[in-house]
S.K.: 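Structure provided below as structure tokens; questions to follow.
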Amino acid sequence: MRKNIGIGLYLISAIVFFIIPIPNFLLDVLLAINIAIALTILFNALFVKEAMAMSSFPTILLLTTIFRISLNISSTKLILTTGDPGEVVKVFGEFVGGGEGLLGLIVGVIVFIILIIVQFMVINKGSERVAEVTARFTLDAMPGKQMAIDADLNTGAITDKEASIRRQKLQDESAFYGAMDGAVKYVKGDAMAGVVITGVNVVGGVIMGVMRGEEIIGALEQYTVLTIGDGLVSQIPSLLISLATGILVTKSSGDEEVGENIMGQLFTIPSVLMLGGGALAFLGVFSPLPMIIFVPLGVLMFYYGYSRRNKSQVSAIESEVEEEENQAEEVRRLENVNSLLQVDKIRLEFGYGIIPLADVNQGGDLLDRVVMIRRQIALELGAVVPIIRMVDNIQLNPNQYIIKIKGVQISEGEILFDHYMAMNPGNVEAEIAGIPTYEPAFHIPALWITESQRERAEAMGYTVVDPPSIIATHLTEVIKSHIDELLTRQDVQNLIENVRENDNTLIDELVPKLLSVGEIQKVLQNLLREGISIRDLITIFETLADHAVVTRDTDVLTEYARQSLKRAISGKFFLTNETTSVVTLDPKIEQEIMASVKQTEQGSYITLDPDKTQKIIKSTQKEIGKLEDLGKAPIVITSPIVRMYYKKLTQDYIKDLIVISYNEIESNVELQSVGMVSI
């Protein structure tokens, strides 16, 4: 609070000085404070380790510029009205100017002009250009840096918290350099204003002196000295802040201060110092340059370089010995096996031939595609995919890759680098030559073709995809088929907290009064297992809250949740304004299934005769074969009460079978039965 009040008083005082005249003693104090602030800013810019440590610098530039101009105006008032602007201005005008009389006047004018030229043409101009280029490059590099953060997050190199910190730092950095690009204009404008004010002061002072009865020469001498002093006392702090601006925008990020960086980079190579010292000594001996200066300086520089070389050799030997000792200690130390116990939830391992596809420096975009997989599944199913760790494995074939879920290999594939996969969608005009293979995600017959065959294959009607797309599609399908296993209790807790932010009443009613996090997890896993999106968590949670007072059977609660999501289910499996071909279930089979259901405290299970089970499975396979012949999805429609039991009965035999109850279908959906499962 006090700091905010101090900044407010600093700004208000500057505005007040524009209007109210101040005594010369107070002006001396304020000018001293102005110089102190400028020195503080300069040394801060010099010693901070990175530019973002002074992220408020653009605002500081604006405030100090306004304050400095207000002091300049106050001193101008005193010069023109009283001819006595205080001791500070007089000392700068007389001492810095070079003495009294016409000679001091000329020296002061020259010094002031040189100061303005240095500040305006060298420091301000350079700082402005560096700030402009830095801002442009920083903004242009933002997308690449953001993608690099996402890639590191995907590969597990950083955590979500670290990624969030790096993203925030990236945003702050772009905002800072963008603001600096505009803020340096304040300093440039301040220098130009100083020149104008000085000119006005000289002319106005001479006029005021003549009007008071002084001679023109005397008035010119008096007011020019005071004006030069006033210009110097305001432009020197401005020069210091301009220098701080230049240091800040040219500062490279690192863990060392500017002095350490400069000294460490300039005076660390012994051969450079020895050559430089030898050159100076040579010039002192064999040229008219003063030997007494150049030879001792060259000898000193040569000796310093020679001593640095000896120290570097000793340091290298010590480092080598220390490294060998550390390695021996590492061997002697007991291995820490805790890190070996961790299992990656999703892991993509590939041979060295696929490395270029994952290496951004070689133009590979596999990492970017992995980022898109996580986003795609989050949008499609409402589940957060864990970090996908990507590692090379020299034990694999060069073009082979494997996909692991929780440390267990689930699937594998093989690609041909610099080739494309061509698949026949069923309507190609002519065959094309290629290497026979199978698409790994859906096991569809395909061909490997070369780059030169790509356009011809596409013209013939083939679907042509590149190797990164093949791997990404395969990985996506594997994750979708196992997304229910990847949903942990912690993930569910995070989803609950997200809903709590918008609907606190619902969560307070549901968790933990009616259901535990584990029970909610089982319901969500049941939905995901059959490809039902859980993005509409509020609808799911409200349904659970309505029915959990009657039953806590997670399978039954899942059926209630599915019925609440019937609009989403209908939109996923049935086309709008089109008749969908399906298979129905014989009511007799439904009755037999329900008669075989046994209820226990742990849940329900089916005790159906194995022969009848096999007959139901065979009949189901026969009927959905009719749908597959028509190119339709294998959908079986059942009554609500039997849906989950029929799904459990068939899921081990027909993995892709879609089982939907009548209560999960919108009234405007048109269905056509092409068969009935019966025995």
S.K.: How close do Leu495 and Gly382 get, counting heavy atoms only, and between which atoms?
M.R.: CD2-O, 4.4 Å
S.K.: How about Ile377 and Leu379: do any of their side-chain heavy atoms sit closer than 4.5 Å?
M.R.: no
S.K.: Can you name the side-chain contact (heavy atoms from CB on, under 4.5 Å) partners of Phe43, sequence neighbours left out?
M.R.: Leu39, Leu46, Phe47
S.K.: Suppose we screen for side-chain contact (heavy atoms from CB on, under 4.5 Å). Which residues come up paired with Val391, at least two apart in sequence or across chains?
M.R.: Arg347, Glu349, Arg389
S.K.: For Asn498, what residues pass the side-chain hydrogen bond (donor to acceptor under 3.5 Å, both in side chains) criterion, not counting sequence neighbours?
M.R.: none
S.K.: Minimum heavy-atom separation for Met291 to Val285, with atom names?
M.R.: CE-CA, 4.1 Å
S.K.: Residues in side-chain contact (heavy atoms from CB on, under 4.5 Å) with Thr488, at least two apart?
M.R.: Lys345, Gln490, Asp491
S.K.: Counting distance only, does the side-chain N/O of Arg68 pair as donor-acceptor with the main-chain N or O of Pro237 below 3.5 Å?
M.R.: no
S.K.: If you round to the nearest 0.5 Å, how far is CD1 of Ile66 from CG of Leu71?
M.R.: 11.5 Å
S.K.: Among all residues two or more places apart in sequence or in another chain, which pass the ring pair (Phe, Tyr, Trp, His ring centres under 6.0 Å) test with Phe302?
M.R.: none
S.K.: Taking C-beta and beyond as the side chain, do Glu87 and Asn24 meet within less than 4.5 Å on heavy atoms?
M.R.: no
S.K.: Between atom CG of Asp503 and atom OG1 of Thr505, what is the distance when rounded to the nearest 0.5 Å?
M.R.: 6.0 Å
S.K.: Side-chain contact test, heavy atoms from C-beta onward, threshold under 4.5 Å: evaluate it for Phe67 versus Leu30 and give yes or no.
M.R.: yes
S.K.: Answer whether the closest heavy-atom distance between the side chains of Ile496 and Phe541 falls below 4.5 Å.
M.R.: yes
S.K.: Mind running side chain to side chain contact (heavy atoms under 4.5 Å, CB included) on Ile373 and Val385 for me, showing each step along the way?
M.R.: CA-CA 9 Å; Ile373 288 173; Val385 177; 5.7 Å; no
S.K.: Are any non-hydrogen side-chain atoms of Val299 and Pro296 less than 4.5 angstrom apart?
M.R.: no
S.K.: As a quick check of understanding, evaluate side chain to side chain contact (heavy atoms under 4.5 Å, CB included) for Ile387 and Arg374, giving each step before the final call.
M.R.: CA-CA 9 Å; Ile387 297 298; Arg374 301 184 73 207; 3.8 Å; yes
S.K.: Measure the CG-OG distance between Leu62 and Ser56 for me, rounded to the nearest 0.5 Å.
M.R.: 12.0 Å
S.K.: Could you tell me which residues satisfy side-chain contact (heavy atoms from CB on, under 4.5 Å) with Ile73, sequence neighbours excluded, listed by chain and number?
M.R.: Phe18, Ile69, Lys77
S.K.: Taking the side chain as everything from C-beta on, heavy atoms only, tell me whether Thr64 gets closer than 4.5 Å to Ile37.
M.R.: yes
S.K.: The criterion is side-chain hydrogen bond (donor to acceptor under 3.5 Å, both in side chains); which residues satisfy it with Asp28, sequence neighbours excluded?
M.R.: none
S.K.: Applying side-chain hydrogen bond (donor to acceptor under 3.5 Å, both in side chains), name anything that partners Gln493, two or more places apart in sequence or on another chain.
M.R.: Glu497
S.K.: Would the number of heavy atoms belonging to other residues, nucleotides or ligands and lying under 6.0 Å from CD1 of Ile292 be above 12?
M.R.: no
S.K.: Between CG of Asp344 and CE of Met390, what distance do you get to the nearest 0.5 Å?
M.R.: 12.5 Å
S.K.: What residues form a side-chain hydrogen bond (donor to acceptor under 3.5 Å, both in side chains) with Asp359, not counting sequence neighbours?
M.R.: Gln362
S.K.: I'd like to know if the side chain of Asn44 and the backbone of Thr40 have a donor-acceptor N/O pair within less than 3.5 Å.
M.R.: yes
S.K.: Check salt bridge (Lys or Arg N to Asp or Glu O under 4.0 Å) between Asp365 and all other residues, then give those that pass, not counting sequence neighbours.
M.R.: Arg369
S.K.: side-chain hydrogen bond (donor to acceptor under 3.5 Å, both in side chains): which pairs involve residues 280-291, sequence neighbours left out?
M.R.: none
S.K.: Partners of Phe282 by ring pair (Phe, Tyr, Trp, His ring centres under 6.0 Å), sequence neighbours excluded?
M.R.: Phe286
S.K.: How close do Leu27 and Ser74 get, counting heavy atoms only, and between which atoms?
M.R.: CD1-CB, 4.4 Å
